[in-house]
Amino acid sequence: MEVLRSNFRKSIPVISQAIKAATFLAIDGEFTGLSNLSRVENSLDTPEGRYCKLREGSRDFLLIQFGLCAFSWEAEEKKYIAKPFNFYIFPQQFGRHTPDVRFLCQSSSITFLSEQNFDFNKLFRDGIPYLKPYDEQKLREHYENKHAQQDVTSPSLTTNDANSSGSTATSQKTPVKVPSDHKQFVESACDKIEAMLKDPESKCVGLPPCNGFQRKLIYQAAQQRFKTGIHMEATTNEKKQRYIVVTKVNESEKKMLEEERQTKDADDIETAVGFSTVIKMISQSGKLIVGHNMMLDLIHVIEQFLCPLPHDLETFKSTVQAIFPRIIDTKLMASTHPFKDLIPSTVLGDLAKHASTEPFNTDSVVLDKDFSMYDNSVEKLHEAAYDSFVTGKSFVGLANFLGTFQEPPKETVFPGSPLLEPFMNKIFLMKIEGIPYLNLAGSDLNPSRDHVFYVTFPSDWKYSDILNLFNPVGYVYVSWISETEAFVSLANKENVDKVMEELDCTDECYSIMTYGEYQGHCYNSYNEPEYQYFEQRPQARKRSREEAGSVNSSSLEPQQKRSHSSETYEEVEEGEIVDSEVCNSPEPARKRIKSVDKMFDEPQKW
């Protein structure tokens with residue numbers, strides 16, 4: 001079901017009912033960009049460092065399409081009934097009391113969406129607006145103040161007794177003094193109101209267009225001069241100019257007009273809040289949320305619709321848990337035992353195909369008859385609703401496969417099953433050695449990196465220069481940070497002490513520090529107010545390259561081969577930032593991943 005601004009309000013009951021009836025929900029997002037940082041993810045990032053990079057690199061982009069698919073189990077049919085919703089989302093300013101959102105676009109991302117037939121006309125013309133709770137509260141306060149200002153019977157605006165005492169005085173506002181250059185304009189407006197009241201044939205009068213301050217003065221003067229019998233309301237003419245319409249009313253008419261105005265204002269607020277209502281419904285449902293490689297999805301949902309992203313990882317994890325207490329990432333599931341040997345590619349499109357074939361089975365998933373836009377003959381990858389649908393469908397296939405390990409085998413594994421606990425609240429982390437996931441509900445993995453060194457060097461250095469430098473300590477793996485920085489990992493961890501012994505010479509050519517020293521600096525930086533992740537570089541100890549010796553090209557070949565020997569390749573998935581060495585190759589883009597025997601503690605018996 002496609003949901004735009006034009007049919008959003010009408011679709012809310014359908015969306016609400018689908019969420020309430022769901023056994024679990026699957027989500028997906030499309031963005032205007034992925035990262036605005038020159039330095040990309042590194043295989044030796046810590047979870048804290050990776051979060052800071054993603055936070056700083058992605059927060060200025062927008063989530064512009066959101067896919068939600070509700071999966072409801074029908075016991076009689078023994079089927080999951082799927083209802084996918086495709087939301088186009090675009091910010092809209094509602095007067096000066098809501099944000100005029102500024103955002104970035106990344107050309108490669110926009111080109112990619114265009115190639116997938118993304119409809120930008122729908123986005124800009126009919127995208128659903130949204131407000132964060134803080135901005136919603138500000139808008140509501142604005143309307144409350146406007147109602148008080150326009151109410152001609154309000155004691156806070158009609159009383160001119162500055163000497164009142166007691167509690168009454170504290171609740172009343174002192175009238176604004178009319179500046180001399182505005183007196184004639186205000187008096188002229190009041191004269192028009194009086195002429196309208198005296199004319200039995202006249203029902204209403206429109207005052208000249210004016211700014212907000214002038215309207216406030218007119219409200220105040222009219223309320224002091226005409227105690228009853230009029231209704232005042234600001235409106236906009238065809239030239240987008242604001243002016244006041246004054247209507248002659250009796251008490252019953254006045255009450256009816258006030259109710260109509262408040263109903264209209266409530267509708268305006270609801271329209272402005274827009275898609276944020278859906279996020280609230282998802283959060284309040286408490287249902288299991290399933291996504292695929294969903295770190296960016298979570299970051300954008302929080303930043304765009306709920307609250308500013310926390311500065312530190314632990315607060316971010318707590319925030320996610322408060323909003324979505326139960327999450328499963330299908331990319332993490334597919335990347336670990338017992339699935340990884342059966343699924344050669346965890347890219348969403350490939351995963352969906354693998355999960356629908358033996359030994360997996362997704363026959364229990366069918367589309368609702370009113371949501372048949374994605375039948376089996378239609379593939380619309382990178383449309384958010386379709387991606388959420390195939391994500392949820394893949395999850396069903398993977399979860400039910402776990403049931404085959406039981407005695408007797410379980411045909412269906414539901415979201416609350418203990419079999420899914422190893423994957424619960426763990427989010428896939430892309431290309432971090434030894435840390436395949438972010439644990440939202442506990443401590444993250446902390447593999448030893450005593451064999452890793454942070455190295456800085458001249459910008460004209462190449463891979464072979466780093467190998468030359470570390471030749472005295474054997475084979476190494478190089479993980480580039482930028483053109484002047486890299487992490488260097490020793491293949492033989494017993495040679496850690498030799499690095500200090502063999503390379504410990506003072507020189508201005510390069511510098512080396514241990515991974516622990518590097519992270520100590522970064523940890524202090526993370527906790528600085530308004531910290532920008534890449535503003536500072538650790539001050540490493542300078543060491544000489546001179547005594548490292550030189551190695552001829554033939555002696556480098558084994559090292560070069562060894563340095564890549566533990567790497568395998570997999571097709572690039574949307575949302576991944578590819579190794580620059582791979583990108584510069586004439587071959588199709590591929591991402592590098594380390595071979596990992598075991599991603600996390602798994603049950604001995606599924």
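The shown structure was predicted, so the numbers you read here are calculated from the model rather than taken from an experiment.
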Inset, instruction - Quick one: do K132 and L306 satisfy side-chain contact (heavy atoms from CB on, under 4.5 Å)? Show the steps, please. - result: CA-CA 5 Å; K132 292 179 184 176; L306 297 168; over 6 Å; no
Inset, instruction - Test ring pair (Phe, Tyr, Trp, His ring centres under 6.0 Å) on F118 and Y88 and set out the steps. - result: CA-CA 10 Å; F118 188 96; Y88 281 85; 5.5 Å; yes
Is the shortest side-chain heavy-atom distance between [X] and [Y] below 4.5 Å?
X    : Y    : value
K287 : P415 : no
Q116 : E383 : no
S114 : F120 : yes
M295 : Y51  : yes
E303 : L63  : no
F305 : V278 : no
F61  : S109 : no
S58  : H300 : yes

Euclidean distance, [Y] [atom2] relative to [X] [atom1], rounded to 0.5 Å:
X    : Y    : atom1 : atom2 : answer
I27  : T391 : CD1   : OG1   : 9.5 Å
H354 : L342 : NE2   : CG    : 10.0 Å
L296 : E30  : CG    : CD    : 11.0 Å
L419 : F401 : CG    : CZ    : 12.0 Å
Q92  : T271 : CD    : OG1   : 8.5 Å
D297 : I289 : CG    : CD1   : 11.5 Å

Look only at the side chain of [X] and the backbone of [Y], and say whether a donor-acceptor pair between them is shorter than 3.5 Å.
X    : Y    : value
R449 : L44  : yes
S11  : N7   : yes
R326 : M424 : no
S356 : T362 : no
R50  : M430 : yes
D126 : S6   : yes
T23  : W73  : yes
T32  : L62  : yes
N439 : D444 : no
E433 : S43  : no

Inset, instruction - Look at atom NZ of K280 and say whether more than 12 heavy atoms of other residues, nucleotides or ligands are closer to it than 6.0 Å. - result: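 It does: K280 NZ has more than 12 such atoms within range.
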Legend entry - Neighbour count above 12 (heavy atom, 6.0 Å) for R125 CZ: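 12 or below, so no.
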Please name the pair of heavy atoms, one in [X] and one in [Y], separated by the smallest distance, quoted to 0.1 Å.
X    : Y    : value
L351 : A334 : CD1-CB, 3.8 Å
Q65  : A384 : OE1-N, 2.9 Å
M294 : D329 : N-OD2, 3.2 Å
T46  : I432 : O-CD1, 4.5 Å
F66  : I282 : CE2-CD1, 4.1 Å
S16  : M281 : CB-SD, 3.7 Å

Inset, instruction - Quick one: do S394 and T330 satisfy side chain to side chain donor-acceptor pair (under 3.5 Å)? Show the steps, please. - result: CA-CA 8 Å; S394 300; T330 54; over 6 Å; no
Inset, instruction - Check the pair L420 / M333 against side-chain contact (heavy atoms from CB on, under 4.5 Å), numbers first and verdict last. - result: CA-CA 9 Å; L420 295 171; M333 287 185 72; 4.1 Å; yes
Inset, instruction - Compute the centroid of each ring, for F71 and then for F395, and state whether the two points are separated by less than 6.0 Å. - result: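 Here the rings of F395 and F71 have centres that are no less than 6.0 Å from each other.
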Under 3.5 Å, which donor-acceptor pairs do the side chains of residues 75-87 form with other protein atoms, sequence neighbours left out?
residue : atom : partner : partner atom : Å
K79     : NZ   : D363    : O            : 3.1
N86     : OD1  : A385    : N            : 3.0

Inset, instruction - Determine, stepwise, if the pair S285 / L25 fulfils side-chain contact (heavy atoms from CB on, under 4.5 Å). - result: CA-CA 10 Å; S285 74; L25 303 169; 4.0 Å; yes
Legend entry - Geometric class of the H142/H97 ring pair [parallel <30°, tilted 30-60°, perpendicular >60°]: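 Plane angle under 30°, so parallel.
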Inset, instruction - Please list, chain by chain and in numerical order, all residues satisfying side-chain hydrogen bond (donor to acceptor under 3.5 Å, both in side chains) with D135, sequence neighbours excluded. - result: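 Expected list: none.
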Inset, instruction - Identify whether NZ of Lys or CZ of Arg in K331 sits under 6.0 Å from the centre of the six-membered ring of F428 and within 45° of that ring's axis. - result: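 Here K331 passes the 6.0 Å and 45° test against F428.
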Inset, instruction - Might you work through the salt bridge (charged side-chain N to carboxylate O under 4.0 Å, His left out) test for E136 and R140, ending with a clear yes or no? - result: CA-CA 6 Å; E136 176 187 347; R140 291 187 184 279; 3.0 Å; yes
Legend entry - Side-chain ion pair, K317 and E314, N-O less than 4.0 Å: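 A salt bridge is present here (some side-chain N lies under 4.0 Å from a carboxylate O).
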Inset, instruction - Step by step, work out the side-chain contact (heavy atoms from CB on, under 4.5 Å) result for F371 and V14. - result: CA-CA 12 Å; F371 293 77; V14 179; 4.1 Å; yes
